[in-house]
Amino acid sequence: MDKIIIRGGKRLSGTIPISGAKNAALTLIPCALLTEEPLTLRNLPRLADIDGFQHLMTQFGASTTVAGKRPEDFGRVVTMEAPRLTSTVAPYDLVRKMRASILVLGPLLARAGEATVSLPGGCAIGNRPIDLHLKVLEALGAEIELAQGYVRAAAPDGGLPGGDFTFPVVSVGATENALMTAVLANGTSRLFNAAREPEIVDLCNLLVAMGAEIEDIGSGDLTIHGVKRLFGTTYKVMPDRIEAGSYACAAAITGGDVLLEGAKEKEMAATLHALRNIGVICEVEKTGIRITADGPLKPVNLSTAPYPGLATDMQAQLMALLCRAEGTSVLTETIFENRYMHVPELARMGAHIETSGRTAIVHGVDRMTGAEVMATDLRASMSLIIAGLAAEGETQVRRIYHLDRGYERLEEKLAQAGADIERIGDE
Ligand code: EPU
């Protein structure tokens with residue numbers, strides 16, 4: 001298996017281009033199932049998860065064409081077309097590799113009146129149930145059955161009526177499935193306490209471009225008037241606010257000066273607020289956000305929360321940065337129950353962190369040292385890369401297939417900004 005080797009201590013400077021957002025792309029792609037016409041997505045990142053999702057789409061009869069871009073270009077242009085659905089079943093073998101596969105449930109149900117999708121199971125960051133996905137689809141009028149590890153959703157005769165639902169906790173994925181279903185329902189649906197993440201806004205904007213009628217986009221209470229059919233369109237995927245935040249932490253821990261090209265201030269306001277409190281300078285420029293760190297890093301108390309709060313997907317990377325702050329920080333993870341898997345690995349690099357339930361106390365240390373480390377999820381792996389950039393000596397990060405799921409050409413982007421980093425193939 002490939003590994004990444006970093007020789008720490010190099011200051012990052014220059015420009016890092018920000019790719020299209022993985023978590024937006026993963027909900028925009030299944031929208032191609034909602035129409036007979038072609039849907040073209042621009043600025044799709046090249047990631048293992050995106051390739052996996054495109055492969056899943058072929059299961060339902062969707063064709064995929066990648067426009068002729070040079071391999072060195074970022075941001076692919078992909079056209080997907082499903083004139084006719086050839087299957088409405090997402091089998092275990094495809095779903096188990098990628099949790100986001102559950103996002104085909106809504107579109108298949110909306111278009112074909114039925115869908116059978118394997119239950120995704122748990123994952124490294126927690127139990128991650130899908131009960132809210134099922135409850136909201138039921139509220140929109142679907143009949144739901146669970147059997148043999150699969151969920152089957154079916155519309156009644158005459159189609160889904162639509163309906164109202166209040167989410168007891170905010171769920172990004174369940175809001176996405178609900179939106180992709182309600183847009184083709186017979187009547188009006190209202191979603192209360194819906195997720196407001198920028199990726200949800202991106203999804204709503206695409207659906208509207210396809211002919212959907214959605215009110216109060218960007219708020220937690222969405223009204224969707226079902227339409228008879230949706231149309232093809234061309235749409236550009238938003239920039240990845242988590243990738244941008246991750247490179248901001250990388251720049252900061254090396255005392256660097258990096259322009260995050262294409263990053264948007266509003267979508268990552270909570271991360272920028274945290275970074276500024278840590279003492280990092282974040283300046284909005286015409287083409288992106290400049291991150292500069294030239295003084296000591298200050299300790300802070302941070303708690304993750306649904307948007308517009310601090311993203312749980314930034315917790316591990318900020319923790320790596322706070323390992324080098326002058327003093328003690330307290331982090332609280334409120335979204336997932338098991339998202340401190342990076343802590344023992346950071347400790348192997350000299351970090352001093354205590355965890356108790358959902359709280360982590362990070363005592364800043366003067367120096368960290370390179371080590372062989374590995375992590376069990378994407379953001380945890382990124383925190384090890386960030387720590388490695390500032391550690392003395394060599395850090396070897398293993399199991400980098402996690403990174404390949406979510407960071408497009410990571411070692412190339414960091415090397416361009418001056419990091420001493422390389423990917424080594426399996427001996
Ligand atoms: N939850 C339930 N029942 C459900 C759905 C969610 O109890 O039916 C709980 C979850 O267990 C969790 C909370 O609700 O405690 C929030 O989960 P959410 O549904 O919002 O997460 P998700 O849609 O499964 C997406 C991102 C994650 C990101 C979370 C939170 C994608 C593909 N994934 O997951 O991204 O952490 O929202 O913002 O969009 C990552 O990119 O590394 C990643 C894990």
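Read the numbers this way: they start at 1 and go in the same order the structure lists the ligands and their atoms.
- Atom CD1 of Ile29 is separated from atom CE of Met80 by 5.5 Å, given to the nearest 0.5 angstrom.
- In this structure, Pro129 has a heavy atom closer than 4.0 Å to ligand 1.
- The closest non-hydrogen atom to atom 41 (O) of ligand 1, taken over Arg379, Lys135, Glu243, comes from Arg379.
- Taking every heavy atom of Leu378 and a limit of under 4.0 angstrom, the matching atoms of ligand 1 come to 42 (O).
- Separating the OH atom in Tyr92 from the OG atom in Ser101 is a distance of 12.0 Å, to the nearest 0.5 Å.
- Ligand-side atoms of ligand 1 in range of Thr312: 30 (C), 36 (O), 38 (O), range being under 4.0 angstrom from any heavy atom.
- Considering NZ of Lys413 and CD of Glu261, their distance stands at 10.0 Å, rounded to 0.5 Å.
- Checking Glu267, Glu199, Glu265 one by one against Arg241, the salt bridge (Lys or Arg N to Asp or Glu O under 4.0 Å) holds for a single residue, Glu199.
- At least one heavy atom of Val170 sits less than 4.0 Å from an atom of ligand 1.
- Among Leu132, Thr304, Asp313, the residue whose heavy atom lies closest to atom 35 (O) of ligand 1 is Asp313.
- Distance CG/Leu108 to CG/Leu34: 9.0 Å, rounded to 0.5 Å.
- Distance check, rounded to the nearest 0.5 Å: CD1 of Ile278 to CG of Leu318 gives 5.5 Å.
- Remark: of the listed residues Arg423, Arg46, Arg409, Arg423 is the sole one forming a salt bridge (Lys or Arg N to Asp or Glu O under 4.0 Å) with Asp404.
- Below 4.0 Å from some heavy atom of Ile130 lie the following atoms of ligand 1, by number and element: 4 (C), 8 (O).
- Distances from atom 26 (C) of ligand 1 to the heavy atoms of Ile335, Asn177, Asn23 put Asn23 nearest.
- One finds the CE atom of Met180 at 7.5 Å from the CG atom of Leu207 (value rounded to the nearest 0.5 Å).
- Considering backbone and side-chain atoms alike, Arg128 places an N or O below 3.5 Å from some N or O of ligand 1.
- Every atom of ligand 1 with a heavy atom of Gly173 under 4.0 Å away is listed here by number and element: 19 (O), 23 (O).
- For ligand 1, none of its N or O atoms has an N or O atom of Glu337 under 3.5 Å away.
- When each atom of ligand 1 is checked for a heavy atom of Lys22 under 4.0 Å away, the hits are 40 (C), 41 (O).
- Proximity of Arg339 to ligand 1 is established by a heavy-atom distance of less than 4.0 Å.
- Taking every heavy atom of both residues into account, Leu260 and Ala244 meet most closely at CD1-O, 3.4 Å.
- If you check the side chains of Glu114 and Thr88, you find a donor sitting under 3.5 Å from an acceptor.
- Of the N or O atoms in Glu197, none lie within a sub-3.5 Å distance of an N or O in ligand 1.
- Among the atoms of Val172, some N or O lies under 3.5 angstrom from an N or O of ligand 1.
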